[in-house]
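Here the structure comes first, spelled out in structure tokens, and everything after it is commentary.
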Amino acid sequence: IAPGAAEGWKRLFAGISRRAGLPLELLDYPAPAPLFDLWARQDMAAVFMCGLPYSQSQLRPDVMVAPVPSPAGFDGKPRYWTAFVVRADSPYAELSDTVGQRLALTMHDSQSGYVAPLRHLMPFAGSTPLFSEVIAPRITPVGAITAVTEGLAEVAPVDGYAFNLLERFRPELTSQVRVIAQTDARPIPLLVASPPRQQQLAAAFLTAHE
């Protein structure tokens, strides 16, 4: 998402490692590194996994914990949604206003960047294409937002939790767009581990907010 967010996660994981008494190797895994290769590893201790590929995986990893974001709207629950963003200076006030324009998507196996927004758009569907062009794959939420800010697309769906993090760590980017719609809330991506599950690691995560 942003260097500041990455440093925050590293501090959290290092603290969890110390509290649990389990050494963890902290890996940088920036896009476009393939996430399915990461999720197939047999040495995962705390790896974020989208709920869509988790539900479809044949050999599911163990669920460790799920984050509960603090901003308003999450209501103290491990959930998130997809926000549809347009340029801050665009004339579009509602999602229906963007029909016939260009849409930017992240990856076809993303719940927040692909499946959830397409499901949300189904009521608008008719005999003609909803959008004149689909700009994909933009891979990450930042890629989707920059497609809008750079004029490649008029609207883009963005992971709501990622957007909150970007508002905190990259306000110069999020100030260039505004949210005009959002999908229903869904379970937030999980932190998963390769079997066997490390009970002391999960216990350390459950007290992280303290």
Side-chain angles (χ1 to χ4, degrees), residues 1 5-6 8-10 12-14 16-17 20 22-69 74 76-84 103-122 134-144 156-166 182-209:
I1 294 294
W9 284 117
K10 288 178 181 178
L12 172 64
F13 288 140
I16 293 295
S17 177
L22 292 172
L24 298 180
E25 179 186 0
L26 303 182
L27 298 177
D28 285 311
Y29 204 80
L35 288 173
F36 276 95
D37 289 354
L38 176 66
W39 296 329
R41 291 179 61 144
Q42 297 303 303
D43 60 351
M44 294 186 296
V47 173
F48 273 115
M49 188 174 190
C50 178
L52 178 65
Y54 176 82
S55 68
Q56 296 176 340
S57 59
Q58 297 296 318
L59 298 174
R60 293 182 185 176
D62 289 336
V63 174
M64 294 291 290
V65 288
V68 179
F74 291 93
K77 297 178 181 179
R79 64 180 190 172
Y80 77 142
W81 49 83
T82 296
F84 290 87
L103 173 74
L105 297 173
T106 56
M107 306 258 316
H108 74 278
D109 51 9
S110 169
Q111 169 69 15
S112 60
Y114 193 93
V115 175
L118 293 187
R119 180 185 179 95
H120 188 81
L121 287 163
M122 285 177 67
V134 175
I135 311 299
R138 295 298 293 182
I139 300 177
T140 67
V142 171
V158 179
D159 179 311
Y161 178 46
F163 191 78
N164 280 140
L165 288 173
L166 287 167
Q182 69 180 45
T183 66
D184 294 335
R186 290 290 184 265
I188 203 164
L190 308 158
L191 276 167
V192 300
S194 305
R197 179 174 173 173
Q198 301 284 359
Q199 295 293 338
Q200 62 265 47
L201 193 60
F205 270 112
L206 290 174
T207 59
H209 62 290

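All values reported here derive from a predicted model rather than from experimental measurement.
- Taken from OG in Ser112 to CE in Met107, the straight-line distance is 12.0 Å, to the nearest 0.5 Å.
- The aromatic rings of Phe13 and Trp9 lie parallel to each other, their planes meeting at an angle below 30°, with 60° marking the opposite boundary.
- Looking only at side-chain heavy atoms (C-beta outward), Val192 and Met44 come within less than 4.5 Å of each other.
- The side-chain contact (heavy atoms from CB on, under 4.5 Å) test applied to Pro69 returns Pro71, Phe74, Tyr161, Ile188, not counting sequence neighbours.
- Going from atom CG of Leu166 over to atom CD1 of Ile1 covers 4.5 Å, rounded to the nearest 0.5 Å.
- The CG atom of Leu206 sits 10.0 Å away from atom CG of Leu201, with the distance rounded to the nearest 0.5 Å.
- With a 4.5 Å cut-off on side-chain heavy atoms, Phe48 and Leu191 count as touching.
- With rounding to the nearest 0.5 Å, the separation of CD in Gln42 from CG in Leu59 is 8.0 Å.
- For residues 51-69, the set of pairs meeting the salt bridge (charged side-chain N to carboxylate O under 4.0 Å, His left out) definition, not counting sequence neighbours, is empty.
- Of the possible donor and acceptor atoms, one in the side chain of Ser194 sits under 3.5 Å from a partner among the backbone N and O of Arg41.
- In this structure, Pro189 and Tyr54 have side chains that are not in contact, with every pair of non-hydrogen atoms separated by 4.5 Å or more.
- When side chains are defined from C-beta on, Ile16 does not count as touching Met64, because their heavy atoms never get closer than 4.5 Å.
- Taking the side chain as every heavy atom from C-beta outward, Trp39 and Pro34 never approach each other to under 4.5 Å.
- Rounding to the nearest 0.5 angstrom, the gap separating the OG1 atom in Thr82 from the CZ atom in Arg186 is 9.5 Å.
- When all heavy atoms are compared, the tightest approach of Ala156 to Ala144 is CB-O, 3.5 Å.
- Between the OG atom in Ser17 and the CD atom in Glu25 there is a gap of 11.0 Å [rounded to 0.5 Å].
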Report the C-alpha distance between Val63 and Met49 in whole Å, list the side-chain angles of each, state the deciding distance to 0.1 Å, and finish with yes or no for side chain to side chain contact (heavy atoms under 4.5 Å, CB included). CA-CA 10 Å; Val63 174; Met49 188 174 190; over 6 Å; no
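- Smallest separation of non-hydrogen atoms from Ala116 and Thr183: O-CG2, 3.8 Å.
- Here the shortest heavy-atom pairing between Ala193 and Pro61 reads O-CB, 3.3 Å.
- Within the 4.5 Å cutoff, the side chain of Asp159 has no heavy atoms near those of the Thr106 side chain.
- For the pair Phe36/Pro53, a side-chain contact is recorded, criterion being any heavy-atom separation below 4.5 Å from C-beta on.
- Annotation for Pro117 and Gln111: closest pair CD-O, 3.7 Å, computed over non-hydrogen atoms.
- Residues forming a ring-ring contact (aromatic ring centres under 6.0 Å, His included) with Tyr114 (at least two apart in sequence, or on another chain): none.
- Residue Leu52 comes nearest to Ser110 through the heavy atom pair CD2-C, 4.2 Å, listed as atom of the first residue, atom of the second, then distance.
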